[in-house]
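Step one of this worksheet: look at the structure below.
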Amino acid sequence: MKMMIATGGTGGHIYPALALAEGAKQRYGKQAEIIFVGNDDRMESTLIPEKGYLFLPLHTSGLVGNVVNKAKAVALLLRAYRKAKRYIETYQPQIVVGFGGYVSAPVILAAHHLGVPTMIHEQNSIIGKANQLVMKKADAIVCCYEKCLSQFDSNKTRLLGNPRATFAAQAAFDEAYFRSLGLDPQRKTILIVMGSLGSSSINELMKDALGKVKEDCQILYVCGKNNPMDPAVFKNYPHIHVVDYVDQLAILSHIDLIVCRAGATTLAEITALGVPAILVPSPYVAHNHQFYNASVLVEQGAAVLIEEKNLSADTLHDAISCVLHDPIRMEHMKQCSRRLGKPNACWDILDWCEQLEGGMNL
């Protein structure tokens, strides 16, 4: 299987794409040839080569701002389209998969015009602008939320989920690592992680909120790499442990409750394992899509939602207490979360890629 994957801009687009690539390597071994295309000046330009994949750069810009900026963005997309055609003609992929970000649009359009089967993947409950640009040209569309089924062409859309869910479901619990964080595998555990970089304002809020949580559980608070917190802040609370980073998949299967943002990858991982959640969507993302992602889990009984504007020591403490100390509710949330999970997402997507590449199409 020779696959070209177009992705870029944010981790929400890049990490699911890397998960699909890893799944292809697991399934096809040496027969898997994966080629990535992405922006030359965004995180994918360093992250993807570090993972050992061939990376082909394009230069694109979002269709935002004033008329002049939008005109420049269109010119860059046209230039990227021509370059993407040359990449496809040179490397001859059997299928091209786009995971969003503006850089994926010219690659999908180029593949379509060259007659190469195409698939796009939408991680969020709100369709991104890049996928809106190309959805009529794509041969296959994978989505993660039922809401998207009514927005895409139903004849070529399947609700298969996020490839990251598969790797969350198969991740082994690392007890030694868990203990190294100061945690006891026999105790109820709350994981609080509000993004890899953290937030100074949320760190301040946590100083007030976490001390109020009963000591019949243990709390792992991930404060973020850019906003380290002195562990001595909680020296009088031996059940609270502070780190600036955690390997989430290594411990997620032993987490009883998670407090986190509502990014697509995070939600795919927690639903694959059925982890009850208190979700605090970031209000700083495009189209407020984290709020809409979170709302799906809330509507299905898998999570509690606190908007950041309403986040306080009291609202967080109350939400944690209401969930963690109600065994019936906890179990119900676990079951609801599992029903939303797509642990076979990666394999199901690869199955469909095989059908497309083999000419069976839809």
Side-chain angles (χ1 to χ4, degrees), residues 1-40 42-58 60 80 83-112 114-123 130-131 134 138-142 144 160-168 170-171 249 264-265 268 342 344-359:
M1 168 73 74
K2 181 184 280 191
M3 178 185 295
M4 180 174 284
I5 299 177
T7 187
T10 68
H13 298 308
I14 299 165
Y15 289 112
L18 284 168
L20 185 68
E22 181 61 30
K25 286 168 59 179
Q26 287 188 19
R27 173 174 287 192
Y28 307 115
K30 293 181 180 180
Q31 299 303 312
E33 186 175 346
I34 313 298
I35 304 151
F36 275 91
V37 182
N39 290 293
D40 59 6
R42 302 295 294 273
M43 63 184 291
E44 64 269 21
S45 65
T46 55
L47 178 60
I48 290 172
E50 286 173 358
K51 299 293 184 180
Y53 294 103
L54 173 62
F55 179 80
L56 306 176
L58 293 177
T60 63
K83 195 169 185 179
K85 283 186 72 174
R86 292 197 295 272
Y87 285 153
I88 293 168
E89 290 168 340
T90 299
Y91 290 95
Q92 296 288 305
Q94 295 167 293
I95 186 167
V96 174
V97 185
F99 275 85
Y102 278 104
V103 73
S104 69
V107 185
I108 292 296
L109 292 175
H112 170 75
L114 290 171
V116 179
T118 57
M119 173 186 287
I120 59 173
H121 186 277
E122 179 54 64
Q123 299 89 45
N131 281 342
V134 302
D139 296 306
I141 302 170
V142 175
C144 301
L160 301 182
N162 190 316
R164 286 280 294 190
T166 300
F167 291 89
Q170 69 182 29
L249 292 189
T265 296
K342 301 290 184 184
N344 293 318
C346 189
W347 315 132
D348 291 340
I349 293 170
L350 288 173
D351 286 345
W352 201 8
C353 286
E354 290 177 10
Q355 293 172 18
L356 290 165
E357 184 272 324

Nearest heavy-atom neighbours spanning [X] and [Y]:
| X | Y | answer |
| --- | --- | --- |
| C346 | A19 | SG-O, 3.7 Å |
| T60 | P106 | CG2-CG, 4.4 Å |
| A111 | V96 | CB-CG2, 3.7 Å |
| A130 | G101 | CB-O, 3.3 Å |
| I88 | P93 | O-CD, 3.5 Å |
| G98 | S104 | CA-CB, 4.3 Å |

Among all residues two or more places apart in sequence or in another chain, which pass the salt bridge (charged side-chain N to carboxylate O under 4.0 Å, His left out) test with K342?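 Once residues adjacent in sequence are excluded, K342 has no partner under the salt bridge (charged side-chain N to carboxylate O under 4.0 Å, His left out) criterion.
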
Under a 3.5 Å threshold, yes or no: a donor from one side chain and an acceptor from the other, between N39 and S45?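 Looking only at side-chain atoms, S45 and N39 do not form any donor-acceptor pair under 3.5 Å.
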
Partner residues of R86 under the side-chain hydrogen bond (donor to acceptor under 3.5 Å, both in side chains) criterion, sequence neighbours left out: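 Scan of R86 (side-chain hydrogen bond (donor to acceptor under 3.5 Å, both in side chains), adjacent residues dropped) gives none.
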
Decide yes or no on side-chain contact (heavy atoms from CB on, under 4.5 Å) for M43 and I14, but give the supporting numbers first. CA-CA 9 Å; M43 63 184 291; I14 299 165; 3.2 Å; yes

Looking at side-chain heavy atoms only, is the closest gap between L350 and L20 below 4.5 Å? yes

Any non-hydrogen side-chain atom of L249 less than 4.5 Å from a side-chain atom of R164?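 Yes, their side chains come closer than 4.5 Å.
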
Go through R42 and Y102 one step at a time and tell me if the side-chain contact (heavy atoms from CB on, under 4.5 Å) criterion holds. CA-CA 12 Å; R42 302 295 294 273; Y102 278 104; over 6 Å; no

Taking atom [atom1] of [X] and atom [atom2] of [Y], what is their separation to the nearest 0.5 Å?
| X | Y | atom1 | atom2 | answer |
| --- | --- | --- | --- | --- |
| E357 | K2 | CD | NZ | 11.5 Å |
| L58 | D40 | CG | CG | 8.0 Å |
| L18 | L47 | CG | CG | 5.5 Å |
| C353 | M3 | SG | CE | 4.0 Å |
| N131 | I120 | CG | CD1 | 4.0 Å |
| L356 | I95 | CG | CD1 | 4.5 Å |

Keeping to residues at least two apart or across chains, list the side-chain hydrogen bond (donor to acceptor under 3.5 Å, both in side chains) pairs with something in residues 3-17.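 For residues 3-17: H13-Q123.
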
List for me each residue that meets side-chain contact (heavy atoms from CB on, under 4.5 Å) alongside Q26, sequence neighbours excluded, and say none if there are none.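 With sequence neighbours excluded, Q26 shows a side-chain contact (heavy atoms from CB on, under 4.5 Å) to E22, F167, Q170, W347, given in chain and number order.
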
Per-pair distances, 0.1 Å, donor-acceptor, side chain in residues 49-56, under 3.5 Å, sequence neighbours excluded:
none

Can a donor-acceptor pair be found, under 3.5 Å and without considering hydrogens, that links the side chain of D139 to the backbone of T118?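 Side chain of D139 to backbone of T118: a pair is present.
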
Any sub-3.5 Å donor-acceptor pair from E122's side-chain atoms to C144's backbone N or O?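 Not at all, since once roles are kept as given, no pair shorter than 3.5 Å links the two residues.
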
Pair V142, D348 - check side-chain contact (heavy atoms from CB on, under 4.5 Å), show working. CA-CA 10 Å; V142 175; D348 291 340; over 6 Å; no

Side-chain donor-acceptor pairs under 3.5 Å in residues 30-38, sequence neighbours left out?
none

Between R27 and D351, is the side-chain contact (heavy atoms from CB on, under 4.5 Å) condition met? List the steps. CA-CA 10 Å; R27 173 174 287 192; D351 286 345; 2.7 Å; yes

